[in-house]
Protein chains: 2
Amino acid sequence: MSTPDGPAAPATLSIGQVAARTGLSVHALRFYEREGILADPVRREGGGRRRYTEGDVEWLNLCIVLRSSGMPIPEIRRYTELARAGAGTEPARLALLRAHEQRVLDQLADLQRSLDIVRYKVAVYEDYLDGLPD
Amino acid sequence: MSTPDGPAAPATLSIGQVAARTGLSVHALRFYEREGILADPVRREGGGRRRYTEGDVEWLNLCIVLRSSGMPIPEIRRYTELARAGAGTEPARLALLRAHEQRVLDQLADLQRSLDIVRYKVAVYEDYLDGLPD
DNA sequence: CTAGGAGCTCGAGTCGGCTCTAGATCAACT
DNA sequence: AGTTGATCTAGAGCCGACTCGAGCTCCTAG
């Protein structure tokens, strides 16, 4: 074995491993940390290198979902801060998530309307090309 | 009447009126024209001011749909160029629209996945808050 | 002991899509 | 003639979200 973890080792990951697992670049991971959207400021091993836990990775995966569905980074930071603050902030976190749910629904509706229009245009071109002389 | 159009007047619109109708800013309208995504380079009245036809506005509305569903400006320009080129380019236009349709479908699927996850989290918080002591 | 490769920080650069400014022109009203 | 308000052009600026580069440190293998 090239990585003989001791029995009690919490199995942490390097930034490169996390990049591979999440699909984010190492640059993006450091950027996200600077932006304060990681659960904690990430532990460092002797030498200053980041060690990510599985929990960190799960949190990142949630962040990726929020980002990709259009939540801006400042709002993810706000959510992160609430989570860090711990007990008592659950109502605020719920409100934030509900607001985001609504935004996603709005986006879905907008996209669906666009899709209908694009499909209509596609159908028009198909009909036209079908009915061509030769 | 404050706008006594002559009988044969084609009823053109100023840039401000088009902005009001489309929701785009006058800046954005000029920007779009520079980017070459308007059907024609827009007629000008004596004095250099733009006069938009209803056809121009319809084209803009299509552009707005394409943009808001994620088509980048260079691709809208490509589509516009094909349309300007006229007969014979219909297959290319159809292909472009179909590709966009697929992109929209992908976005819808992604968003739906995100929505499911956000809803799951919302449910978790709701359950937690429901079950609170007081 | 040295060469590579992964990591580090800090700061600058990029990209897409507008947005805004400055300074001039023009149309219409008073 | 003067004032107001819409438009014009060319070009600079901005914002969000990364991306990249320089220069340095560290660890491990040969």
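If you're wondering where the values come from, they're calculated on a predicted model, not measured in any experiment.
Taking 4.0 angstrom as the limit, A/Arg50 places a side-chain polar atom (N or O) nearer than this to OP1 or OP2 of C/dT9. At the phosphate of D/dA6, neither OP1 nor OP2 sits under 4.0 Å from any side-chain N or O atom of B/Ser14. Between C/dC18 and B/Tyr32, a contact under 4.0 Å exists linking OP1 or OP2 to a side-chain N or O.
Looking at heavy atoms from C-beta onward, B/Thr22 lies in side-chain contact with B/Asn61 at the 4.5 angstrom threshold. Side-chain contact between B/Asp56 and B/Asp40 is present, with at least one heavy-atom pair separated by less than 4.5 Å. Counting heavy atoms from C-beta on, the side chains of A/Tyr52 and A/Arg21 never come closer than 4.5 Å. Taking the side chain as every heavy atom from C-beta outward, B/Leu94 and B/Glu90 never approach each other to under 4.5 Å.
A donor N or O paired with an acceptor N or O is found under 3.5 Å between the base of D/dA6 and the side-chain atoms of B/Arg49.
Counting to the nearest Å, the P atom of D/dC27 and the CZ atom of A/Arg44 are 14 Å from each other. Counting to the nearest Å, the C1' atom of C/dA12 and the CZ atom of A/Phe31 are 14 Å from each other. The distance from atom CD of B/Glu35 to atom C1' of C/dC15 is 13 Å, rounded to the nearest whole Å. The CZ atom of A/Arg43 sits 17 Å away from the P atom of C/dG7 (whole-angstrom rounding). Rounded to a whole Å, the NE2 atom of A/His27 is 12 Å from the P atom of C/dA6. In this structure, CD1 of B/Ile73 is placed 6 Å from C1' of C/dG17, rounded to the nearest angstrom. Summarising the geometry, the separation between CG on B/Leu24 and C1' on C/dT19 is reported as 13 Å, rounded to the nearest angstrom. When rounded to the nearest whole Å, the span between CG of A/Leu13 and P of C/dG7 equals 11 Å.
For B/Arg30 and B/Pro72, each mapped to the nucleotide of DNA chain C holding its nearest heavy atom, the one lying further toward the 5' end belongs to B/Pro72. Ranked by how close their nearest DNA chain C nucleotide is to the 5' end, B/Arg67 and B/Glu45 are led by B/Arg67.
Set against D/dT19, D/dT9, C/dT19, the side chain of A/Ser25 has D/dT19 as its closest nucleotide. Among the nucleotides D/dT19, D/dC8, C/dT9, the one closest to the side chain of A/Arg34 is D/dT19. Side-chain atoms of B/Val26 lie closest to D/dT7 of the nucleotides D/dT7, C/dG5, D/dT19.
Put simply, CD1 on A/Ile117 and CD on A/Gln112 are 11.0 Å apart, with the number rounded to the nearest 0.5 Å.
Among the protein residues, A/Arg51 comes within range of no part of the nucleic acid, since none of its heavy atoms lies under 4.0 Å from any strand. Among the atoms of the strands shown, none is found under 4.0 Å from any heavy atom of A/Gly47.
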